[in-house]
Amino acid sequence: MEKPKLLAGGNPQIPKGEGDAPVQAYIDAVPGWKQEVCRNIDRLVQQALPGVRKAVKWNSPLYGAGEKTWFLGLHCFEKYVKVSFFQGGLLDPIPPGQSKQAEVRYLDIRETDAMDEAQFAAWIRQAAALPGVKM
């Protein structure tokens with residue numbers, strides 16, 4: 001099977017699709033240390049929210065709790081993995097990365113960053129309980 005093309009920053013170009021399979025294909029194609037970060041995020045989301053909806057759209061994995069809405073997305077850049085909380089401005093505490101959109105907040109994870117898994121799981125549970133966004 002042909003390996004997916006890597007776009008700018010090492011983000012894999014994965015065909016759009018619903019379910020776990022396209023998300024796992026994305027994670028399998030992520031280069032270097034970022035692959036383990038993405039695997040860990042996927043594991044934490046599944047543990048915090050069994051039955052989470054998954055999809056890949058715009059070459060980014062999305063996670064949803066409601067019908068046709070999404071609460072979290074991932075995207076790889078050269079030096080970090082960006083986690084987007086689509087209603088992050090409503091989380092407590094608010095994730096540190098600001099966005100041009102008031103409700104969106106980011107968590108950028110770099111190679112040397114230690115992840116606070118308990119805080120991340122709390123954000124997942126909070127985010128999944130919010131209405132989510134349509135995409």
Side-chain angles (χ1 to χ4, degrees):
M1 185 169 166
E2 190 176 315
K3 287 189 100 170
K5 176 182 174 183
L6 294 179
L7 302 172
N11 195 59
Q13 185 176 28
I14 300 294
K16 184 169 104 172
E18 295 276 337
D20 187 55
V23 172
Q24 296 311 313
Y26 175 94
I27 292 171
D28 289 345
V30 170
W33 63 268
K34 292 177 276 188
Q35 184 178 84
E36 186 56 35
V37 169
C38 292
R39 252 186 231 301
N40 193 39
I41 290 167
D42 186 67
R43 176 185 61 80
L44 290 169
V45 171
Q46 289 183 112
Q47 285 177 347
L49 194 64
V52 67
R53 283 183 50 245
K54 297 181 184 184
V56 170
K57 295 183 181 199
W58 307 285
N59 300 307
S60 295
L62 299 175
Y63 296 85
E67 188 83 19
K68 307 284 184 198
T69 62
W70 307 100
F71 65 87
L72 184 142
L74 301 179
H75 197 85
C76 288
F77 290 90
E78 185 176 334
K79 297 185 188 231
Y80 58 94
V81 175
K82 181 176 288 296
V83 179
S84 302
F85 291 96
F86 302 128
Q87 297 289 321
L90 300 174
L91 303 180
D92 183 25
I94 296 173
Q98 294 185 342
S99 170
K100 293 177 184 175
Q101 299 172 2
E103 64 278 1
V104 177
R105 295 296 288 200
Y106 301 121
L107 177 66
D108 295 343
I109 304 170
R110 290 172 173 71
E111 184 173 12
T112 58
D113 289 348
M115 188 174 193
D116 183 341
E117 291 188 4
Q119 179 59 71
F120 193 80
W123 279 332
I124 292 165
R125 287 187 295 275
Q126 290 178 51
L130 296 170
V133 297
K134 292 186 180 193
M135 294 187 180

Quiz prompt | Least distance between heavy atoms, Trp123 atom then Pro96 atom | solution = CH2-CD, 4.1 Å
Quiz item: Below 4.5 Å, heavy atoms only, C-beta onward: do Gln119 and Pro93 meet side chain to side chain?
Solution: yes
Quiz item: Can you tell me if Asn59 and Tyr26 form a side-chain donor-acceptor pair at under 3.5 Å?
Solution: no
Quiz item: Are Phe86 and Leu130 close enough, and set up right, to give a side chain to side chain contact (heavy atoms under 4.5 Å, CB included), and what steps lead you there?
Solution: CA-CA 10 Å; Phe86 302 128; Leu130 296 170; over 6 Å; no
Exercise. Scan side-chain atoms only and decide if Gln24 and Asp28 contain a donor-acceptor pair under the 3.5 Å cut-off.
Key: no
Quiz item: With under 30° as parallel and over 60° as perpendicular, where do the rings of His75 and Phe77 fit, or are they tilted in between?
Solution: tilted
Practice problem: Using modelled atom types only, decide if a donor and an acceptor are shared between the side chain of Arg105 and the backbone of Ser99 within a distance under 3.5 Å. | Solution: no
Practice problem: Answer with yes or no whether the hydrophobic clustering places Leu62 together with Val23; edges join I, L, V, M, F, W, Y residues whose side-chain heavy atoms lie under 4.5 Å apart. | Solution: no
Practice problem: Check step by step if side chain to side chain contact (heavy atoms under 4.5 Å, CB included) holds for Phe71 and Ile124. | Solution: CA-CA 8 Å; Phe71 65 87; Ile124 292 165; 4.0 Å; yes
Exercise. Decide side chain to side chain contact (heavy atoms under 4.5 Å, CB included) for Val83 and Phe120; before the verdict, give the C-alpha distance in whole Å, the side-chain angles of both, and the deciding distance to 0.1 Å.
Key: CA-CA 10 Å; Val83 179; Phe120 193 80; 4.0 Å; yes
Quiz item: Between Leu6, Val81, Leu7, which is the residue that forms a side-chain contact (heavy atoms from CB on, under 4.5 Å) with Cys76?
Solution: Val81
Practice problem: Considering non-hydrogen atoms only, spot the tightest contact between Ala29 and Ile14 and give its length. | Solution: CB-CD1, 4.3 Å
Practice problem: For residues Asp42 and Lys54, determine if any side-chain heavy atom of one lies less than 4.5 Å from a side-chain heavy atom of the other. | Solution: yes
Quiz prompt | CA sep, side-chain torsions, deciding dist, call: Lys57, Trp70, side chain to side chain contact (heavy atoms under 4.5 Å, CB included) | solution = CA-CA 11 Å; Lys57 295 183 181 199; Trp70 307 100; 4.2 Å; yes
Self-check item: Contact check, side chains of Glu18 and Arg53, non-hydrogen atoms, under 4.5 Å
Solution: yes
Self-check item: Sub-4.5 Å side-chain heavy-atom contact between Ile109 and Tyr80
Solution: no
Exercise. Could you tell me whether the side chain of Met115 reaches within less than 4.5 Å of the side chain of Leu44, counting heavy atoms only?
Key: yes
Exercise. Would you mind reporting whether Glu103 and Leu90 have side-chain heavy atoms less than 4.5 Å apart?
Key: no
Quiz item: So how far is it from Arg125 CZ to Gln47 CD, rounded to the nearest 0.5 Å?
Solution: 10.0 Å
Quiz item: Which heavy atom in Ala128 sits nearest to a heavy atom in Leu49, and how many Å separate them?
Solution: CB-CD2, 3.5 Å
Quiz item: Okay, side chain of Thr69, backbone of Lys134: is any donor-acceptor separation there less than 3.5 Å?
Solution: no
Quiz item: Is a side-chain N or O of Gln35 found less than 3.5 angstrom from the main chain of Ile27, in a donor-acceptor match?
Solution: yes
